[in-house]
Amino acid sequence: QVQLVESGGGLVQAGGSLRLSCVASGRTSSTYTMGWFRQAPGKEREFVAAIGWSGGSTYYADSVKGRFTISRDNAKNTVYLEMNSLAPEDTAVYYCAASKVIGIVRSMPLYDYWGQGTQVTVSS
């Protein structure tokens, strides 16, 4: 089993920045693809970004491309999501997830482990 714990969420004004962290513990593997998803009130959970095991491959949802950056530090079993130019529509609970699938994964069913989420609220 792998446990994922997110942190770094909070309340920020529009145009501001936040950095989310996700620490993995348990039977971790640096080969896992890591992803971030989010779920806004009344909406379905959606893909935000993913990063391959080496950090060399990343993929972003169109809605965050150019504003968000995903990265990872395998030595610390940690994945990050740097969020800039935040807008009210970015308000959501952000979830970290790990997939045993090698390569970029955007589909939620292909992720094996999930964190509990961290709330991000962007005020206008």
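Computed over heavy atoms, backbone and side chain alike; hydrogens, waters and symmetry mates excluded. All residue numbers refer to positions in the sequence shown, counting from 1.
Shortest non-hydrogen contact noted between Cys22 and Met34 is SG-CE, 4.5 Å. Taking both residues in full, the closest heavy atoms of Val48 and Leu81 are given as CG1-CD2, 4.2 Å, listed atom of the first, atom of the second, then distance. The shortest non-hydrogen separation linking Leu4 to Cys96 is CD1-O, 3.7 Å. Of all heavy-atom pairs spanning Gln119 and Ala92, the tightest one is NE2-O, 3.4 Å.
By the 4.5 Å heavy-atom criterion applied to side chains, Val101 and Thr33 are not counted as neighbours. By the 4.5 Å heavy-atom criterion applied to side chains, Phe68 and Leu86 are counted as neighbours. Between Val120 and Met83 the shortest side-chain heavy-atom distance falls below 4.5 Å. Annotation: side chain of Glu6 is not in contact with side chain of Tyr94 (no heavy-atom distance under 4.5 Å).
Trp53 CH2 to Ile102 CD1: the interatomic distance, rounded to the nearest 0.5 Å, is 8.5 Å. Atoms OH and CD1, from Tyr59 and Ile104 in turn, are 9.5 Å apart once rounded to the nearest 0.5 Å. Atom CD of residue Glu89 and atom OG of residue Ser124 lie 10.0 Å apart, to the nearest 0.5 angstrom. We find the CZ-CD distance between Arg38 and Glu44 to be 14.0 Å, quoted to the nearest 0.5 Å.
Other residues, nucleotides and ligands contribute at most 12 non-hydrogen atoms within 6.0 Å of the NZ atom of Lys43. Counting heavy-atom neighbours within 6.0 Å of Gln116 CD, excluding the residue itself, gives a total of 12 or less. Taking a 6.0 Å sphere around CZ of Arg45, one finds it holds more than 12 heavy atoms contributed by other residues, nucleotides or ligands.
Taking the six-membered ring where tryptophan is involved, the planes of Phe47 and Phe37 are perpendicular, since the angle between them exceeds 60° and thus also 30°.
Contacts classified as side chain to side chain donor-acceptor pair (under 3.5 Å) and involving residues 72-82 (residues at least two apart or in different chains) are given here: Arg72-Asn74.
If you chain together hydrophobic residues whose side chains sit under 4.5 Å apart, Tyr95 and Val2 never meet in one group.
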Atom pairs and distances, side-chain donor-acceptor, residues 108-115, under 3.5 Å, sequence neighbours left out:
from: Tyr111; atom 1: OH; to: Val105; atom 2: O; distance (Å): 2.6
from: Asp112; atom 1: OD2; to: Lys100; atom 2: N; distance (Å): 2.8

With a cut-off of 3.5 Å and sequence neighbours excluded, list every side-chain donor-acceptor pair involving residues 13-21.
from: Ser17; atom 1: OG; to: Asn84; atom 2: OD1; distance (Å): 2.8

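Side-chain atoms of Thr91 come within 3.5 Å of backbone atoms of Val122 as a donor-acceptor pair (strictly under, hydrogens ignored).
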